[in-house]
Amino acid sequence: MGVEEGDTSSSSSSKQELFFHLIKRYGAYLSLKISNLFSFSLYNLDIRSIGAVAGLAVAIVFTWRLLRSPAAPQNRRQKRQGASSSNPGVSSNSNAPAVPSDVCSPTDDSRAQNAVDEFFQPVKPTLGQIVRQRLSEGRKVTCRLLGVILEESSPEELQKQATVKSSVLEVLLEITKFCDLYLMERVLDDESEKRVLVALEEAGVFTSGGLVKDKVLFCSTENGRSSFVRQLEPDWHIDTNPEIVTQLARFIRYQLHVSPFKSERSAANVFGAVSLEQFFGST
């Protein structure tokens, strides 16, 4: 009885240690998750994030219940021991230690630990999920072309050529999947408009079905682009002109200022990035 009780106690202790190890790992993971959430802005804290944390808590409880195996009833162990001692025809090796069936072997512990490690492996979100999260589920987006979608940075350059950035295409197409996207730019002549539309079409921007040519708007002044944005009332506006970004800060919910140079935020609802694709972490 002494050996059996000692083994049972050892098994219980082993399971408790494993459970506490799970709790520690969950605590570390939860701290990292919360840190990541607050490393962005509060606007990223949505129902999905809270649900993910709650789901992990439920998974921990479920894992513990799976690992917990009830000990054999005391009277059943006594009956087995009495039966073996009352049968003289059965030879037994008094030196062989009794191994209760509910004791976890090192192999079982290793498998359980591997399952836990696999469970806590971070799942990399898709680009579509990142786009939705970063845009805070915004449904309408306006974006200038020069310096964001196009390689060119001035209307004068558009009089010669228009080139779509290959690095921005994937992000742009993801935005069009769930956002009402409008592209706009200041041009100096009709030929520049045609070059821009041809470049967008050849890049496949219009093939996804989320963006049509009617949603590519042109104007002759910077104030004209600002007027477009105010009329459309988007959830997000993306621009490279700091003056327009500052002017629109009180009218638009969120803005992204794209600039190769790091600058101070002009307002709490204005975010900065080197490029559109960098803002969504695709580069």
Residues forming a side-chain contact (heavy atoms from CB on, under 4.5 Å) with [X], sequence neighbours excluded:
{"X": "Pro242", "result": "His257"}
{"X": "Thr246", "result": "Ser266"}
{"X": "Ser154", "result": "Glu156, Glu157"}

Test: Glu201 and Lys213 ion pair at under 4.0 Å: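 Yes, Glu201 and Lys213 are salt-bridged.
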Hydrophobic cluster of Val270, others only, ordered by chain and residue number, side-chain cut-off 4.5 Å: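 Under the 4.5 Å side-chain rule, Val270 groups with Val245.
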Other cluster members, Ile244 - Ile/Leu/Val/Met/Phe/Trp/Tyr, side-chain contacts below 4.5 Å: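 Members besides Ile244, by chain and number: Tyr182, Met184, Leu217, Phe228, Val229, Leu232, Leu248, Phe251, Ile252.
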Nearest atoms (heavy-atom pairs only) where Gly272 meets Leu256: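 Closest pair (atom of Gly272, atom of Leu256, distance): C-CD1, 4.0 Å.
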Nearest heavy-atom neighbours spanning Val164 and Ala199: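 Taking Val164 first and Ala199 second, the nearest heavy atoms are CG2-O, 3.5 Å.
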Residues Glu277 and Ser167: side-chain donor-acceptor under 3.5 angstrom: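 Per modelled atom types, Glu277 and Ser167 side chains form a pair under 3.5 Å.
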Any donor-acceptor N or O pair under 3.5 Å, side chains Ser226, Asn223: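 Their side chains do not contain a donor-acceptor pair, so the 3.5 Å distance test is not met.
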Please identify each residue that fulfils side chain to side chain donor-acceptor pair (under 3.5 Å) with [X], with sequence neighbours left out.
{"X": "Asn269", "result": "none"}
{"X": "Lys215", "result": "Asp180"}
{"X": "Ser220", "result": "none"}

With a 4.5 Å cut-off on side-chain heavy atoms, are [Y] and [X] touching?
{"X": "Thr240", "Y": "Val148", "result": "yes"}
{"X": "Leu200", "Y": "Leu183", "result": "yes"}
{"X": "Glu191", "Y": "Gln159", "result": "no"}

Salt bridge (Lys or Arg N to Asp or Glu O under 4.0 Å): pairs with one or both residues in residues 233-246, sequence neighbours excluded: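 Matches after skipping sequence neighbours: Arg144-Asp239, Arg225-Asp239.
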For [X], which residues count as a salt bridge (charged side-chain N to carboxylate O under 4.0 Å, His left out) partner, sequence neighbours excluded?
{"X": "Glu174", "answer": "Lys177"}
{"X": "Lys140", "answer": "none"}
{"X": "Arg186", "answer": "Glu222"}

Passing candidate, side chain to side chain contact (heavy atoms under 4.5 Å, CB included) with Leu158, options Leu145, Leu188, Thr163, Val187: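 It is Val187, the one option of Leu145, Leu188, Thr163, Val187 that forms the side chain to side chain contact (heavy atoms under 4.5 Å, CB included) with Leu158.
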ILVMFWY cluster, Val131 and Leu276 together (side-chain gap under 4.5 Å):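 Yes.
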ILVMFWY network linking Leu172 to Phe206, side-chain heavy atoms under 4.5 angstrom: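 Same hydrophobic cluster.
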Axial cation check for Phe279 ring with Arg134, 6.0 Å and 45° limits: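 The answer is yes, since Arg134 meets both limits relative to Phe279.
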Stepwise side chain to side chain contact (heavy atoms under 4.5 Å, CB included) check, Ser153 with Leu146: CA-CA 5 Å; Ser153 57; Leu146 287 172; 5.5 Å; no
Arg253 side chain vs Trp236 backbone, donor-acceptor pair below 3.5 Å: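 Not confirmed, Arg253 side chain does not pair with Trp236 backbone.
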